[in-house]
Structure formats: structure tokens, C-alpha cells
Colleague: 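Sharing a structure below in C-alpha cells format, with a few things to ask.
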Amino acid sequence: MKDTLLKKNAFLKIAIQKSGRLYEDSVQLLKDCGIDLKNGVNKLKTESDNFPIEVYFLRDDDIPQYVEDAVADIGIVGENIVYEKNKKVDVIEQLGFGKCRLSVAVGRNEKYNSINELNGKKIATSYPLLVNRFLMDRKVKAEIHEISGSVEIAPGIGLADAIVDLVSSGSTLFMNGLKEVETVLDSQAVLVRNRNLNGVKQQILEKLLFRIRAVRRASNNKYILLNAPNEKLKEIIGALPGMKSPTVLPLAVPGWSSVHSVLNENEFWEIIEKLKGFGAEGILVVPIEKMII
Ligand code: PRT
Ligand code: ZN
């Protein structure tokens, strides 16, 4: 009896977006974690042969509620949705995709010097909770109009003076004659968790998180190989962060060494320029598939 119970719960249910901006990256992340998903005709749910996981495909707006109710144990959803829905779930990991910001925008030709300009204005948004909190924190009194889609057209049709909506490239605002004036929230896809996972599910989640972190670390880092004149080795090694210290191997040509290291994407170009300045040659940069530390 106990055994059956254990078996029944010995997989983790993850909710991801059914279609839309987060769908592909969510499925790709699971694949990069080595999880093979069965390709069934059933687009509501699928499972894996090589990892104890069941994947539910849902509308992003519904994911926080399903995770709170334990219909799913964990979910992948934008921070914008998590904080707007305000459900009892824990955010456990930022996933680095679906990046956007929730911003206030006004007509391009409107004068805008400070947030106080929003006093007494009508603001259209699909994020009433976040906007209300944002305005209250700044002691601004404005009228919030909740609308569910095409928020960007609201000022043009006289429904509102300003909007609060998600922005990534800014082209939607531009095309609608609007300009971005304040950021309410910076958002990206995150992993959320039900607050009462049992021990077995928690263990599976730890395994999954271990893999997600290795995949994320790898995509943020590059492996670099270069040839260095020995008399400049000290400077070149000094410019490299590396996981521990860089690997240094003698080259067949006397007076030269091969140096191998790992560079973070954020500091990548700056370091490459320094290395070239110190006389590094034949710099090769290769992607890393997984990075376990
Ligand atoms: O059907 P379902 O309800 O699941 O999907 P949806 O239509 O509600 O959401 P979807 O697929 O559009 O977005 C899912 C999530 O992607 C959002 O909740 C955000 O976390 C994230 N995301 C990232 C974005 C954007 N970037 C984004 N640019 N969501 C929406 N947009 C929209 C924005 O609303 C605006 O209309 O894109 C337009 C602005 O884009 P730019 O590039 O013109 O600035
Ligand atoms: Zn949605």
C-alpha cells in the first residue's frame, strides 16, 4: 500500500505555457536538462521516459493558481504574472528568458518630468494590482482602468491618458505614438513552487534545479583557448577569472604557452580586448554545454 502511494507521487508535475512567448524556451530548458518529452497528440499533458516529470500545458495566467492548488507542483511563468496574481507560491529560480519590463507609457508628445504628472490621470492596464501598488508607494493618485488586451491603443481612442504594459523592444509603443516613462517591474520567466511539496517531490525538484543551474551557468559562460608569449603569461593569467586558475600548457614552439579558461558573458569582450593587448594570439572561444561546479 505504502509502496503504491510512493509510486503514485514519485513524479513532479510541472506547468508550462501551452503556446505563446514562453512555450519554446520552457520546452528547450527541459530538453537541455536532458529530459526527453514524449510527443503525444495530447497537448494538455505529456511525460518523460527518462525523468520523473509530468508536463502540463496551460495558459500562463492560470499557472500560479494551479501551483498554489497543487494541481501542478511547480511552474514556469513570467514574474509579471506571478506578482500580479499574488498567489501563495514560492519563486525559486530566475530562468533568464522571457525578459521584459512592465512600464508606464504616455503620448510621445506629452510633457513628462516626473511621476507626479500621473496624478489625476486615467491609466489603462492589465496589471491593476502592480500598478496600484506602484502608484501608492509613490503617493500618486490616478484612476486605473483594467483592460485585458490591446492596452497600447487605449490613449489613441481616448480611453486613457497613460498605459502600463509589458515592453521588450519598444516597437509596439513606438507604433502607437507612445513613449516609455517609468519602469514598474523588470520581469523574466521564473520557476515557482507549491509550498507543501512532499519529500519525494522535493528531491526530484532538487535534481531538476541542479540540472537547470548547470545549463544556465553553461549558457552564461564560454570556454576560451589562446596562445600566449611566456613573458606575458603573468599579465594574461591575471586578466582571466577562470573557475580555479587557468590551465597552462607548453606549446611545441619554444617561448609560447596555451592557456585555457572560462569567461562569463558579461565581462567577455572587455577581457578579450585586454588579452589581445597583452599579446595573446589564436584566441578560440567555444560554447559550453553543461557546467557543474
Ligand atoms: O495564452 P496565454 O495567456 O498563455 O499567453 P499570453 O498571450 O497572455 O502571453 P504571451 O505569450 O504574450 O506572453 C507570455 C509572457 O511572456 C508574459 O507574461 C511575459 O512574462 C513574457 N513577455 C516577454 C512578454 C513580452 N516579452 C512582450 N513583449 N509578454 C508580452 N509582450 C507583449 C506586450 O504585451 C506588448 O503587446 O509584446 C508587446 C510589446 O513588445 P515590444 O517588443 O513591441 O516592446
Ligand atoms: Zn496570458
Side-chain angles (χ1 to χ4, degrees), residues 13-30 37 42-46 55-69 71-72 74-87 89-108 112 123-134 144-157 159-193 212 216 219:
K13 293 179 283 181
I14 180 169
I16 66 171
Q17 198 188 19
K18 186 180 167 70
S19 63
R21 290 169 199 263
L22 302 183
Y23 169 77
E24 270 176 28
D25 285 326
S26 303
V27 170
Q28 189 60 45
L29 177 66
L30 296 177
L37 298 180
N42 180 359
K43 191 71 204 298
L44 183 67
K45 181 173 110 168
T46 188
V55 183
Y56 287 72
F57 300 101
L58 299 167
R59 282 201 58 201
D60 65 345
D61 315 68
D62 298 334
I63 291 177
Q65 183 72 62
Y66 279 123
V67 172
E68 178 181 316
D69 295 343
V71 174
I74 58 171
I76 296 179
V77 66
E79 286 171 296
N80 50 307
I81 298 286
V82 179
Y83 298 125
E84 176 64 28
K85 299 289 173 188
N86 204 18
K87 299 293 171 194
V89 297
D90 292 331
V91 173
I92 48 173
E93 192 80 6
Q94 292 190 316
L95 300 174
F97 59 85
K99 284 190 176 167
C100 57
R101 50 202 186 272
L102 186 64
S103 293
V104 182
V106 298
R108 196 179 303 145
Y112 189 93
I123 303 178
T125 187
S126 310
Y127 294 85
L129 189 113
L130 290 175
V131 175
N132 197 21
R133 195 179 292 158
F134 176 81
I144 298 174
H145 280 250
E146 184 179 351
I147 51 178
S148 59
S150 306
V151 175
E152 65 280 358
I153 65 168
I157 58 171
L159 190 71
D161 309 301
I163 65 162
V164 177
D165 199 11
L166 297 177
V167 181
S168 43
S169 68
S171 71
T172 304
L173 292 186
F174 183 80
M175 283 187 309
N176 286 280
L178 300 169
K179 64 177 175 190
E180 200 176 347
V181 291
E182 306 277 349
T183 305
V184 175
L185 176 80
D186 279 307
S187 178
Q188 60 178 288
V190 287
L191 200 64
V192 292
R193 172 185 58 184
I212 288 177
R216 296 255 301 120
S219 71

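Both counts, for ligands and for their atoms, begin at 1 and track the order of listing. All residue numbers refer to positions in the sequence shown, counting from 1.
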Colleague: Return the protein residues near ligand 1 (heavy atom under 4.0 Å from any of its atoms), ordered by chain and residue number.
Modeller: Q17, S19, G20, R21, L22, R59, D60, D61, G78, N80, I81, G98, K99, C100, D165, L166, V167, S168, S169, G170, S171, T172
Colleague: Rounded to the nearest 0.5 Å, what's the gap from CD1 on I74 to CG on D90? Could you check?
Modeller: 12.5 Å
Colleague: Just jot down the side chain to side chain contact (heavy atoms under 4.5 Å, CB included) partners of N176, sequence neighbours excluded, or say none.
Modeller: E152, I153, T172, L178
Colleague: Identify each donor-acceptor pair in which a side-chain atom of residues 126-133 lies under 3.5 Å from a protein atom, sequence neighbours left out, and give them as a table.
Modeller:
unit_1 : atom_1 : unit_2 : atom_2 : d
S126   : OG     : I147   : O      : 2.7
Y127   : OH     : N80    : ND2    : 2.9

Colleague: Quick one: report the N, O or S atom of D61 that is nearest to the Zn ion (ligand 2).
Modeller: OD1
Colleague: Tell me which donor-acceptor pairs under 3.5 Å the side chains of residues 15-24 have, and how far apart each pair is, sequence neighbours excluded?
Modeller:
unit_1 : atom_1 : unit_2 : atom_2 : d
Q17    : OE1    : R21    : N      : 3.4
Q17    : OE1    : L22    : N      : 2.8
Q17    : NE2    : S19    : O      : 3.1

Colleague: For the backbone of Q188 and the side chain of E79, can you confirm whether one donor and one acceptor N or O come within less than 3.5 Å of each other?
Modeller: yes
Colleague: When rounded to the nearest 0.5 angstrom, what distance separates CG in D69 from CG in D62?
Modeller: 11.0 Å
Colleague: Working to the nearest 0.5 angstrom, can you tell me the gap between I76 CD1 and E93 CD?
Modeller: 11.0 Å
Colleague: Of all the N, O or S atoms in D60, which has the shortest distance to the Zn ion (ligand 2)?
Modeller: OD1
